[in-house]
Asker: 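Following this message is one structure expressed as structure tokens.
Chain letters run A, B, ... following the sequence lines, proteins first, then strands; residues in each count from 1. None of these values were measured; they are calculated from a predicted model.
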Amino acid sequence: MTAWGALPMLAVMLPVVGMVLALPLGARGAERLTLALLPVGIVLAIGTAAAVQAAGAPVVHLLGHWAPPLGLALRADGLAAAMLVTAALVVAAVALFARADFGTAAGATETRAAFAFWPLLLALWGAINLAVVATDLFTLYVALELLTFAAMPMVCLSGTRATLEAALRYLMFALLGSVLYLLGIAFIYAGYGTLDVVLLAGRARADLPTHVAVALMTAGLLAKTALLPLHLWLPPAHAGAPPAASAILSALVVKGSFVILVRLWFGVMPGLAAPMAAQVLGGLGAAAILLGSVAALRQERLKLLVAYSTVAQIGYLFLMVPLLVAAPGDEAYAARAWTGGVLQAVSHAFAKAAMFLAAGLIAARIGQDRIAGLAGAARLLPVPVLAFGLAGLSLMGVPPSGGFAAKWLLLTSAIEAGQWGWALVILAGGLLTGGYVYRVMAAALTGDGTQPALRRPDKRETIVLALAVVSVVLGLLPLAAFGLVQVGRLDLAP
Amino acid sequence: MSAILYGLLGAALTGIGLFGLLVRTEPLLRILAFNLLGGGVFLVFGAVARRGAAAGFAADPVPQAIILTGIVVAFAATTLAVALAVRIAEEPGDAPGAAPGADQPPDAP
């Protein structure tokens with residue numbers, strides 16, 4: 001139990017309590033409650049990050065004062081703090097954006113979609129916060145399931161047949177993933193008698209049951225994170241959801257299972273040398289970058305293009321695995337790969353939320369979302385198109401964006417570790433990303449000038465632009481500011 | 001002895017469930033396969049609990065608690081999946097090939 005330990009606990013409790021209270025309040029009450037909780041959640045997340053930064057050590061809360069292995073601990077390290085702040089800011093932006101689609105105006109009747117959306121948003125927020133601060137492998141399983149159960153209805157909020165089918169497919173992938181994860185937990189518990197990540201870090205042995213357990217859990221988490229070749233559920237699910245839901249699904253939900261994977265590989269497993277398995281994960285990530293980007297290039301529809309771009313960007317996250325495992329005893333390279341991976345997760349969250357919301361605004365205004373039909377969009381909707389372009393710069397890795405900093409760190413770490421292949425993949429992925437962002441921008445910037453001229457941007461456009469600007473400005477922070485994400489890395493523990 | 005038997009049975013159920021989930025395409029069969037898979041994993045947990053018997057307990061209570069939580073979660077997941085499958089079956093075939101990604105009005109019934 002450390003000072004300020006209650007902060008991560010409250011960050012988990014706040015959205016969960018809010019969700020329970022929102023159910024009897026109805027759509028209008030749930031909306032007001034969500035909006036009232038947003039600033040509190042942001043303060044808790046930033047407070048946690050400040051406490052971690054100030055202490056230079058993880059902030060730990062023991063539930064009921066019971067220490068593991070008897071009790072459960074919540075532990076906010078640098079990675080958790082960064083993800084808490086990201087989740088709070090993205091949820092806040094999406095909630096403000098969603099008031100136009102799911103808000104209930106005074107006097108209007110409440111719709112079912114609006115009543116479903118606000119509690120689901122709070123549930124997702126709570127589940128993500130739990131997934132990043134929990135240290136018990138079974139608590140992480142519960143967080144994964146909460147995340148799935150809250151994300152699945154978001155996919156089919158519109159209730160059309162196509163989205164229902166996408167939701168069922170997503171649910172099946174996710175359930176398979178969580179059962180495999182649970183089976184892995186059984187093996188870990190049988191071998192060590194505890195499920196606490198911190199305790200396991202000191203005890204893990206490189207024996208067969210442990211390897212089988214980690215392989216099962218990794219496969220399950222890959223299905224949830226949608227790493228190629230388990231990505232098939234993602235494009236229809238993310239592209240079919242309403243814009244606000246797509247943004248939160250692509251920006252945050254897939255990151256939850258990724259953080260758990262990082263905890264598993266670099267929390268439970270640092271003692272187990274598995275360079276071959278790490279190379280396989282990196283190879284899958286590289287394939288996701290290349291094939292996902294090529295698929296995005298070939299899409300006819302804007303939202304599907306953005307969804308395939310998520311498949312590709314998830315690939316970058318997995319490049320940090322072989323770089324961390326293979327960095328032979330050199331802390332500087334490993335630290336760089338770690339920061340690059342986390343920064344990629346954070347900057348992609350902001351950029352992808354901005355892209356999906358911008359695509360939603362464009363599609364709503366033009367009435368369809370075929371890329372071929374975007375002519376004149378830049379004149380009609382200058383701010384969303386600008387936001388799409390800025391977010392695209394971050395995804396491409398053009399300096400000085402956050403995506404550039406992330407990819408640069410991964411790239412230099414790959415070169416210094418002597419693993420040239422990953423560096424080439426990062427560069428090729430950047431070029432392909434440039435290709436599909438260019439396709440959209442080129443289509444949007446053409447036009448015969450007959451469209452209505454510039455007008456004052458409305459509030460939603462400002463929100464989208466703000467998200468895109470954050471994803472770019474992350475790259476302007478001095479590198480020392482990222483020292484936060486190094487705090488409490490378990491793979492460095494002696 | 002019984003722990004080994006239940007462990008092996010659990011492994012067999014897990015295999016059958018996994019096969020069904022991966023090979024079948026009908027939603028209802030896949031949901032059933034998921035339940036078999038879950039049942040197998042819970043049996044494995046039961047074997048783990050039995051092997052951990054100590055301090056006067058017939059079995060380690062922690063895996064038992066995990067099984068109970070897991071059953072609740074699997075039940076919730078099954079109801080959710082069945083509700084979704086029923087909803088899809090009821091939906092009058094409004095162009096099953098309609099590309100997802102078309103922007104839908106968010107508050108359709």
Asker: Name the region of A:Leu146, side chain, backbone, both or neither, that has any atom closer than 4.5 Å to a heavy atom of chain B.
Answerer: neither
Asker: Answer whether the closest heavy-atom distance between the side chains of B:Val62 and A:Phe138 falls below 4.5 Å.
Answerer: no
Asker: Specify whether A:Phe356 and A:His238 have parallel, tilted or perpendicular ring planes, treating 30° as the upper limit for parallel and 60° as the lower limit for perpendicular.
Answerer: perpendicular
Asker: Identify which part of A:Leu175 has an atom lying under 4.5 Å from any heavy atom of chain B, answering side chain, backbone, both or neither.
Answerer: both
Asker: Taking A:Ser178 for the side chain and A:Glu145 for the main chain, is one N or O donor matched with an acceptor at less than 3.5 Å?
Answerer: no
Asker: May I ask you to name which of B:Ile66, B:Val44, B:Leu37, B:Asp60 has the most heavy-atom pairs under 4.5 Å with chain A?
Answerer: B:Ile66
Asker: Would you give me the side-chain donor-acceptor pairs under 3.5 Å for residues 46-59 of chain B, sequence neighbours excluded?
Answerer:
unit_1: B:Arg50; atom_1: NH1; unit_2: B:Ala58; atom_2: O; d: 3.3

Asker: Can you name the closest pair of heavy atoms from A:Leu124 and A:Met154 and give their distance?
Answerer: CD1-CE, 3.7 Å
Asker: Using a heavy-atom cutoff of under 4.5 Å, enumerate the residues of residues 27-34 of chain B that contact chain A, numbered in order, or state 'none'.
Answerer: B:Pro27, B:Arg30, B:Ile31, B:Phe34
Asker: What residues, two or more places apart in sequence or in another chain, satisfy salt bridge (Lys or Arg N to Asp or Glu O under 4.0 Å) together with A:Arg28?
Answerer: A:Glu110
Asker: Is chain A contacted by the side chain of B:Leu21, its backbone, both, or neither, given a heavy-atom distance below 4.5 Å?
Answerer: side chain
Asker: Can you tell which part of A:Phe187 gets under 4.5 Å to a heavy atom of chain B, answering side chain, backbone, both or neither?
Answerer: side chain
Asker: Taking C-beta and beyond as the side chain, do B:Leu22 and A:Leu176 meet within less than 4.5 Å on heavy atoms?
Answerer: yes
Asker: Considering only distance and modelled atom types, tabulate donor-acceptor pairs under 3.5 Å from the side chains of residues 72-79 of chain B, sequence neighbours left out.
Answerer:
unit_1: B:Thr78; atom_1: OG1; unit_2: B:Asn35; atom_2: OD1; d: 3.3
unit_1: B:Thr78; atom_1: OG1; unit_2: B:Asn35; atom_2: ND2; d: 3.2
unit_1: B:Thr78; atom_1: OG1; unit_2: B:Ala74; atom_2: O; d: 2.7
unit_1: B:Thr79; atom_1: OG1; unit_2: B:Phe75; atom_2: O; d: 3.2
unit_1: B:Thr79; atom_1: OG1; unit_2: B:Ala76; atom_2: O; d: 2.6

